[in-house]
Amino acid sequence: MKRFGNIGWSPIAVLLLFFMVWEGLASLFEIPAWLLPAPTAIFKEAFTNYQLFLPDVGSTVMLAASGLLLGASIGFIIATVLHLVPPLRMALYPFLIISQNVPIIVLAPLLVIWFGFGYLPKLIIITLVCFFPITIALLDGFRNAPRELVHYMKMSGATSFQLFSKVQFPNALPPLFSGLKISATYSVMGAVISEWLGAEKGIGVFMTLSSSAFRTDRVFIAIFIIVILSMLLYSLITLLEKTVIKWAREGDQ
Amino acid sequence: MKRFGNIGWSPIAVLLLFFMVWEGLASLFEIPAWLLPAPTAIFKEAFTNYQLFLPDVGSTVMLAASGLLLGASIGFIIATVLHLVPPLRMALYPFLIISQNVPIIVLAPLLVIWFGFGYLPKLIIITLVCFFPITIALLDGFRNAPRELVHYMKMSGATSFQLFSKVQFPNALPPLFSGLKISATYSVMGAVISEWLGAEKGIGVFMTLSSSAFRTDRVFIAIFIIVILSMLLYSLITLLEKTVIKWAREGDQ
Amino acid sequence: KEPGTAESLKKVKIVLDWAPNTNHTGIYVAKEKGYFKKHGLDVDIILPGEAGADQLVASGKSEFGVSYQESITQARIQGVPLVSVAAVIQHNTSGFASPKAKNITSPKDFEGKTYGGWGSPVEKAVLSLLMKQENADVDKVKIVNMGDSDFFTAVKRDIDFAWIYYAWTGIEAELRNEPINMVYLTDHSEKLDYYTPVIATNEKMIKNDPETVEAFVAAVSEGYQFAIKNPSESADILLKAVPDLDSELVKKSQEWLAPKYQDDAKRWGEQKLEIWENYSQWMFENGLLEKELEAEKAFTNEFLPE
Amino acid sequence: MEAKIRLENITHSFKETGLVLNGISLHVNDGEFVSIIGPSGSGKSTIFQTIGGLLKPEGGDIFLEGRRINGETGNISYMPQQASLLPWRTVLNNVLLAQELAGRTDESEVRTWLAKVGLSGYENAYPHQLSGGMKQRVAFIRALLSPQPIMLLDEPFSALDEFTRFDMQKWLLAIWEEKRKSVLFITHNIEEALFLSDRIVLLSPRPAKVIKEFKVPLNRPRTDRLLLDDSFLQLKREIYGAMKEGETHESH
Amino acid sequence: MEAKIRLENITHSFKETGLVLNGISLHVNDGEFVSIIGPSGSGKSTIFQTIGGLLKPEGGDIFLEGRRINGETGNISYMPQQASLLPWRTVLNNVLLAQELAGRTDESEVRTWLAKVGLSGYENAYPHQLSGGMKQRVAFIRALLSPQPIMLLDEPFSALDEFTRFDMQKWLLAIWEEKRKSVLFITHNIEEALFLSDRIVLLSPRPAKVIKEFKVPLNRPRTDRLLLDDSFLQLKREIYGAMKEGETHESH
Ligand SMILES: Nc1ncnc2c1ncn2[C@@H]1O[C@H](COP(=O)(O)OP(=O)(O)OP(=O)(O)O)[C@@H](O)[C@H]1O
Ligand SMILES: Nc1ncnc2c1ncn2[C@@H]1O[C@H](COP(=O)(O)OP(=O)(O)OP(=O)(O)O)[C@@H](O)[C@H]1O
Ligand SMILES: [Mg+2]
Ligand SMILES: [Mg+2]
């Protein structure tokens, strides 16, 4: 616990260092601002014109958070069903792969045509992005339950579902959190991409507009926001992990 | 083992069913071919004009495979370093998140300026896509080594590196394979995206050109190829998993 | 029909081809100035993102869209029922740009240089057409696929010249004080003076709801006419609607583009059969089209106001 | 009367290690306490896994009150050789687990028993915070409080000191007598087997066969004075001798 | 002469369960065999973890030949109470593990010993294919073949039948005498402690203190005839009595 007080600052220190090096390089090599603006320029722009993108942030946060939640739930459901019904697992795994390999440029028009320009097609895209790491991590976690616990449960007359809910599921919690961390990291970017499906506002819109207007500094503001949101989500998952998994971690003493 | 003989066919049966439903819906609702061509049309086009995209396939396969390999190696190295040097872990994790949240549209120009239009910037993009799931899965796998084994090793005088190589690393093999499966699924799409950075050939090029020429059937050929390649890579990883992890799987009897 | 009240307004959508820019000014003006309302329409302007404007228009998900003659030509060959109802800019303002220092002022200077494109066979055909007229050899141009990279990035590295729209990227170069040379397509070949961009709708709309098309085109036409007369005010309207845009770029671009909307045509939006035929003919001859375009079906002037 | 549980000529082999059970026949009558003694690695735990339905015997049949139950689970309460506590459950919840499986839980009963076996104060501890013997006691009462009428105990007291072990034996006998359970008990301790059982079954080294059976004609309730009783010592020597004899012992 | 290993007034407590070691002082001389006996959950395994350097004692010091080694690992060869075999290694490679840590491996020696403890044919089996007692034997020879001069054995034979156990004891004594190791041995079996040790240390229930020490003045080599020897029986009764007395036993 004490560690925290000290090491909690180190990422911030390293980030500061990173910005300083960046700033230094930018001015040393006279990198043009339209290519890679200096951090100070970016921050200045962010503070003076924050009203430009503030409404966008809220919309993207909503999208990312609800998409992650939905993606996680669906990822969990799919993993559970595929685990409990083994024939389905073999039969449906091609569709898992397909779901990750249909490019947005093909999917987007179809989604819009079927579901319009509203919230739903965007949610579908983020969900598609987020569910997959969770499903894969869970499927393997379910399978890797310690042998002696599985044996004990079966001998004691546990049904498949009891075996699942009392052993395989809790055993898959650590990989579940790995999967959630991966998905959380992708979710904000997924939201941004989904906004390219024709949104009124959102960081994705802000970014494409800025990019097409050659406002690289604003594009970087968008990136900073995306990164910060992702880190927040990631930290949230880590925090959740710490409260849920109280039993297994070595080196917590 | 016998199971295989039977169930190995079920994904193919389900895929066939899927195509049949698709074909049926396409002709029932008279979905125009430029929006969603019927599978038969796609296959016909693929068989008659295969010389159009055959060279592209080779180039994308090379890109995806080398990117996955490089991504996996780098993912492994990063996870190992972060695990063995705990202060680094806290300090550098923001950069892990950043690496997944810099959109291609920003990254692409920078990569092009620094590395030109050759192979290298593309490899960097696929690597960025592939390393992350592996790093996260490994980091958690390293940490979750069974307590009693870690205790035994420490008591017996194992150095940190011995503890790592003999316990934490083998213990992380199952999550490593989960991560690899996720990355393998992304790698082909990563290669396709990287080809939008300017490539002479490749499925990505074939797809954008087909798309801009409204050849939706060819776009779907591209998707089929991407999906098939991903499934091959995924199966390869699963096969590798079966040969490497011989000790832990329940339900293999 | 009672114009003016919110309930009676007919809701329609227009999908842009790209991020909002000065090509779209007339549309934003028509919305802001109430021209749409006047014609009984309530118009949503939609950014396309990845969702491919043309498919959305063709499928009827959006009634109107911004497209290009090249696209509509290829689309119609594949049976996509798109129809151009107005040319936004009368003449092609695109061309091959290069930093001044490279000294590329005419197609023959392309020899020995590197061209950055997006890998389409059209590009080589266009280069070849231009260069042949000056007895230059297109095979001496190195064609590199630069993917999604923009002009400024590309010319910093390996690339000598690329294909741009002057009204946007060219103006941006002026603003950056990076002088460029332009080789305009229209200066070297009439066949390449195609309409880009255009306002498009689908065949069903024309058949089933010609009134709406007419109302829409009329309002947009008024919008562009306003922009032609008041470039600076209409630039402000665009900026107000899309505040994320760079104001300097928009203003300067608007100024440059205002006279080009209508140019030498007798009214804004007018399209000529000959231009549609010429271009598609050229494409067909160069093996870029599988069959010949029925040019008269690809566009119509019938909705343009007198 | 039909035996509570009867194994008839059970054979089983593992793919990797070959034949383990070589025609095992044994039975436990209703309310009977039977111990199994046999060399390490002979196949005792495998017999339990067969009865519990985890393994389907290759040959032979298992009957529960005359009904064939090959491969059927849920008929027994079981204490495995390794404690097999769920690491994510507290001690209390680990004991409740077996009751949950059987569909009715009684937390206050569990708390009472945790106190009886010396674990009061540890209800909310996680398994990794327990000593080896404490884990064993948790697994023991988990089995003890399961409602099934047949109990399979696999070396339940191997990690306990003599006094704690004696307490546990006492509780086991109390429950057994009160609830009229049938018990099958694996141990390496001949005295323990004699002290607890009605009958003792002696196994050969792997592949296991039953080489001898002993009736234990000692009166109940049995007390520790028995340990010095002549007939007790006599029986002990007899079993010891039989083991030595039956032992073409694998470690030689 | 300086003791090989000496604990001076060691105290330790766990955050969740409180004080466990309450001022433990004990020592093992060079080449001496010392057993620890104490109730389940008293703190025996915790003492081992302290000596092995896994836990840093809160109070007190540990000396190796006079050098303070609080929290220092690598000085001992160790057999934990749970076998703790690596599931991804075969039996052979699990035994080699301890040698790998010490930097020199001798595969033929390992194979010889695997055969001696009755595990020939299982060299390439994985731990999950072994019986409980077989796992324990693997862990035992893993410790036995480690080169460190001090050996900590935590209930090494609890899962073995009497004959196998006796064999193991024999091998242990052989190695101990041949290599002049110092052994600290945890057991619940008084006879075993008497049979093997030079000295026996008796612990109280938790929090553990040393309540008594017994010298075992029996001649070596010791054989099974000893079990009926008078002085042996006398010592056994004495220890039993001391245990009973020291036991404000936690399960009451
Ligand atoms: N899952 C398994 N796969 C392969 N072989 C196994 C498996 N389980 C047990 N065996 C083998 O079966 C034999 C008997 O094992 P079992 O666990 O039944 O012995 P046991 O009599 O309980 O011994 P112990 O007293 O040491 O616990 C052993 O030789 C062991 O190697
Ligand atoms: N990691 C831990 N965290 C918290 N408490 C612990 C931990 N390890 C042991 N304890 C507590 O310390 C006490 C002594 O445990 P220890 O394992 O040393 O007992 P032991 O004498 O070896 O018992 P046994 O003979 O049952 O193995 C127990 O009460 C146990 O609950
Ligand atoms: Mg056993
Ligand atoms: Mg212990």
Decide yes or no for [X] and [Y]: does some side-chain heavy atom of the first lie under 4.5 Å from some side-chain heavy atom of the second?
| X | Y | result |
| --- | --- | --- |
| Phe164(A) | Phe169(A) | yes |
| Asn171(B) | Pro146(B) | yes |
| Leu233(A) | Ser187(A) | yes |

Contact part of [X] toward chain B, heavy-atom cut-off under 4.5 Å: side chain, backbone, both or neither?
| X | value |
| --- | --- |
| Ile113(A) | side chain |
| Pro133(A) | both |
| Ser211(A) | side chain |
| Leu92(A) | side chain |

Tyr186(B)-Phe132(B) aromatic ring centre distance below 6.0 Å: no
Taking the six-membered ring for Trp and the full ring for Phe, Tyr or His, determine whether the centres of Phe19(B) and Phe220(B) are under 6.0 Å apart. no
If I measure from the heavy atoms of chain A, does [X] come under 4.5 Å with its side chain, its backbone, both, or neither?
| X | value |
| --- | --- |
| Ile98(B) | both |
| Pro103(B) | both |
| Leu229(B) | neither |

Go through the side-chain N and O atoms of Gln100(A) and Ser230(B) and say whether any donor and acceptor fall under 3.5 Å apart. no
Taking every heavy-atom pair that is under 4.5 Å apart, which of Ile97(B), Leu96(B), Thr216(B) has the most such pairs with chain A? Ile97(B)
Below 4.5 Å, heavy-atom pairs only: which of Phe177(B), Tyr234(B), Phe224(B) has the largest tally toward chain A? Tyr234(B)
